[in-house]
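The sequence lines fix the lettering, A, B, ..., with proteins before strands; numbering per chain opens at 1. Quick caveat: nothing in here was measured; it's all calculated off a predicted structure.
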Amino acid sequence: MDEYLTDGYSEPCAQCAAVDWGVSVEEQFFCKKCHNVIERTIDMVGECSLYSNHSKISYIARPKNTAMEFPQDWMVCEGFQFVLKQQADALVSLGVCLQFKTDVMWNFWKRYLQNTRQAFVNNPVSAAGFSAVNDLNSESKSKPESVAFCEESFLIGAPSEAEKPASGCSNKRRSGSLDASLYVKGRKSRNVMTMPRTLALCYLALLWVREAITLADLLRLVKERCVPYLNIHEYIPKDMRIYGQDSKIFRVDSIPSYSTVHKEAVELAKVIKLPAFPTVSQDCLLHPIPLTVRYLLESNLPDGLLVWVHKVIDEASMGDDSFLTFDPVKQKPALVCYDIQAAAVIIVTMKLLFKLDDRVEWTSSWKAASEKKKKVFNVERWYKVMQPAFERARQKMEREEARQLWKSHEPFITSLKDKSLVFKKRRVVNHLQHRFQKLTDSTPEQQCFTTTAFSSFQFHWGRDDGSYGRSLHQHRLNCTFKKKGVKRLTNRKFWHTVLSVCPPTCSDHFSEIEASLPRMYVWLLDLFSFLLGVSQAQVHKEVLNIERRFLKRKRPPVPKSTQRPSVTKKTPRPSATKKTPRPSATKKTPRPSATKSTPHQSATERTLRPRKITKA
Amino acid sequence: MDDIEAELKIDSPGNETTNQEIIKNPLHIEAPSKYYETGFHRSSRKCLKVIRDAMLHHNWQKAAEYFTSYIQTLEDTTVTSAHLTRDVIWRLGAEILHHLANASIDDFNAVYEIMKHAGVSNYAKICLEHAFHLLLNGQSDEAKRQLSSASHWRYGKLTDAQSLEMKLIHAYCGFLDYFIWSNKISTTPETEDVSSLQEISMYFRQASVTLQEIITRPGIWDPFVLSYITMLEHNNSLDEALKVLQNYAYNKDFPSNPNAHVYLYQFLKRHNAPQSALISSLRILHSAVPSHKLMLEFCSLLLKKHQDTALKEALCACMDLLEFSSWKCDRDAWKCLLKILQRPKNEHNMVKEEWAVRRSLWMAFHFRPYIIKTESQKDVRLWRIKERVLKLLGEDLHIEDTRKSPSGQRDRHHNASEDNVDGDSRRGPARNSNSSFKRDESKAAREGNAAGLRDRLTDFTHRKRPINTLNSTGQLVPVGFIPDV
């Protein structure tokens, strides 16, 4: 550290004539031999009051760093390798097994490089050839690129010369990666590595080792800066200097959305030509059963709900390994959104038990409350506990988002011309921030992020400090009644929106039907979409998927002994059905069969149950 | 050294930064629906929204906290209007600092200095603001230093683009010179010390040169003109001062400015100018601002002239004045009117003509029973004057009585019902009305200076018409007499 600071200063000491300088705590130079302190101080960026009145601006040349002066030649893919290594290290330090980094990530990356012919092959191509590589693997394509490559490396021949700005030479590249410009040109191609793709690769690797980190978790880790992604150039070693075109590749000004990374992951799996992934069985935490336990805990729902969640999973045949396991080799590889799916299962279960049509869930809650039995779960009580906590969490997130710092202390330099301007802006921002921080005694949010430990739960329930409210986990679920020895659901009706599948060109219809949906259902979507950091439409889409599977299921002939939720369909609002144009006639057929299987059951129930339900 | 070239390139679109532009393309606070928004932009948008809300709620500490995070938008690389961001940050920062309890003058200076150099497009404006701020805090020397350094600022095309600000900087430079000069003059007694005299004269020279130059340009330069006049008066060059003031008042290139005439009048009065000069300067003021408080002086000046035309003018001016609601209950104005009416040479016809034009308005505006009632209770002295005025105008004093039994007098007025049809709520018991007179009067009413106001009031009486009722003798009771209670 001291060497770096005292590098440019080679005056001999006045007392002992030795050239061995160090920097004291007061930032003064002292002779390491005789401890003679001299007048010279290091210049402090940010601290000095450069702009304050009457102060003389003194300039002390920054010592030149040898590493900066001779930056290494590096390729963009090396940069990405470094990024991936940092991300893998961060994940391992968070508790992911070491195998994840050493075997899986490394292998994936190697395969990627091989398949895109960037490395580990006999005739590597540089980035611009990417678009062609996928279709043709002729050598002729790589030839012109290699010529360009030579040219570039020739220009780099004398880096020390190029480094001097005063020389005014017309070199395009002062430093930075060798193939950035080619990389940027070929950016449209599917094979090129991008910053969102590093996350996609991380996710695939996590999936491979069957870690309990879902994609939503990964993105939250990124957001809270536990996994390096923003301002990645701070992590890259000094001798790999990011400069010019590189900033287009490595600069990040937003965290990619869930759907982007998900899509990229599927793409990437295809590019890497991965085989089928390890099966997601019940012992894996990505399986809906353990995952729903997690979300039930998070959303303060009673444990009793788990039984019903299991039933829904079984009925919708979602527990299948073949359904859950990602297999890129398949014709149409489908990567299940495990976390959204688990949330959707909970929502479907809630709909099944409490109907959630803004009426039944409240009337049943009032009934439960009037029974004066404690520890019986009712929706109203849950809502009253959950809603303020949810609102608080949402406001906190808004606050954090508003105060999030995106810019790093070391700005990206896109060109030599802009260099001084960029540094000036940085200086101005620094000074202003300093001024106002002194006035408000506030620290930027960024530091708060890193200091707090990451928790996979956003809500804590219970009596201890920092909890969001009292826990309802132990509450009993009272949603069945016994009739002639057969357990039946109190709620006998089930509603859903139109289930027919839209053509892929059609966008989602959630925004159209949102206003017509029951508020309680929308609130529930809101809650889970907040927990997962996705849009409501995505959760709703997954709910529809599950309902589709659930209602399409093949039923065994109804044995009297097993209880089963009686299902009657009801399309809640005509407007919702009318608005969505789709080939309805063919698709709707499975639904009547689902209802017809238990016609007598619901008919008898209707006669026996109190009028309350039929009102709904 | 900062890279001027690069900055110029960035700043070139910001040449015509004006408030209009900011109003036209404000920074977005609501979520955009059309285009994709990066996380950075979303953060800054939300941050700006929080700052705005905090500022509106006077929660300055919170605003400052969020502002600390908002500063990073300066480093935005995609934004096309970097000057706008800088402008917003400067304004927000200055405003927040202004309200923060623990902000010191050093903080202000530092922030102003930083923002001044952050982008050259706002340099002049920020300099000027900075100087104002220093002046507010009583640091006129520091402000002077700021301004004089700013006035030497040159930056290619950008200096021209900020010509207005540069002109103002120049003007305030001169003004501060004057300020220092006048301070020195008042504090240091007559000294023989050559150096101090020299210093004083130097300031005098600087200030006079600058101010003289500034006030020849079209514009409103009130404080600068006043200070320049003071200096000229101090130097006893009264002709020059008069010339300056006349130019300021009468030059067609200058925007119309009532103060210019006021200054001219005051100057003339100070130096004992002949009455006619005073009157003519006030006459122009009267045409521009008939409600000006100098109009009373105008009247008294006119009264001194002992001429019929002057008397008529005084009557007009005084009555015009009283037609403004701010003067409505002013005792001096009424006294003035009384004085005019009491003039022995008072030609009866002249007053009558004037009164005939204004009567309908005045009866509704000043002599409604409700007003009379409240005034006679609250401000008796005023009411007494008004009463006498009314008497001199030839109106009946016992209005309330007439309201109670208007029929007696109404019988004498053969055109009363016709008047009401015309919408003229005039009551003419004491007036010998004839048809020719009435024609004149309605014509004059249309031409009167306060026609707009009168028309509005006549409208008001129109609206009240359904309230008019036939009294016992089958005649309409005029609207002006229905109390407002």
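By the 4.5 Å heavy-atom criterion applied to side chains, B/Tyr66 and A/Arg399 are counted as neighbours. When side chains are defined from C-beta on, B/Glu75 counts as touching A/Pro411, because their heavy atoms get closer than 4.5 Å. Side chains of A/Val252 and B/Phe40 form no contact here, defined as non-hydrogen atoms less than 4.5 Å apart.
Distance check: B/Arg42 CZ to A/Gln404 CD gives 9.0 Å after rounding to the nearest 0.5 Å. For the atom pair CG of A/Asn430 and CG of B/Leu74, the computed distance is 11.5 Å after rounding to the nearest 0.5 Å. For the atom pair B/Cys47 SG and A/Glu398 CD, the distance stands at 11.5 Å (nearest 0.5 Å). Here the NZ-OG1 distance, from A/Lys425 to B/Thr73, works out to 10.0 Å after rounding to the nearest 0.5 Å. For the atom pair CD1 of B/Ile114 and CG of A/Leu432, the computed distance is 4.5 Å after rounding to the nearest 0.5 Å.
Interface remark: B/Leu100 contributes side-chain atoms only to the contact with chain A (heavy atom separation under 4.5 Å). For chain B, the nearby part of A/Arg251 is the side chain; its heavy atoms alone come within less than 4.5 Å. For B/Ile51, no part sits under 4.5 Å from any heavy atom of chain A, backbone or side chain.
Judged by distance alone, with hydrogens and angles left aside, the side-chain atoms of B/Gln72 form no donor-acceptor pair with the main-chain N or O of A/Gln433 at under 3.5 Å. Side-chain N or O atoms of A/Gln437 include none that pairs as donor or acceptor with a backbone N or O of B/Thr68 at under 3.5 Å.
Contact count against chain A (heavy-atom pairs under 4.5 Å) is highest for B/Gln61 among B/Gln61, B/Lys116, B/Glu37.
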task = Given side chain to side chain contact (heavy atoms under 4.5 Å, CB included), test A/Phe436 with B/Leu97 step by step and report yes or no.
result = CA-CA 9 Å; A/Phe436 278 89; B/Leu97 268 188; 3.9 Å; yes
task = Test A/Arg403 against B/Tyr70 for side chain to side chain contact (heavy atoms under 4.5 Å, CB included), laying out the working first.
result = CA-CA 7 Å; A/Arg403 296 206 57 188; B/Tyr70 187 70; over 6 Å; no
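The two residues B/Gly39 and A/Ser254 make their nearest non-hydrogen contact at N-CB, 2.8 Å. Here the closest non-hydrogen pair linking B/Asn102 and A/Leu439 is ND2-O, 2.9 Å. Closest approach of B/Ser69 and A/Ala402 over heavy atoms only: CB-O, 4.3 Å.
By the 6.0 Å contact criterion, CZ on A/Phe530 is enclosed, its count of non-hydrogen atoms from other residues, nucleotides or ligands being greater than 12. Around atom NE2 of B/His99, more than 12 heavy atoms belonging to other residues, nucleotides or ligands sit under 6.0 Å away.
Using a 4.0 Å cut-off between a side-chain N of Lys or Arg and a carboxylate O of Asp or Glu, B/Lys46 and A/Glu401 qualify as a salt bridge.
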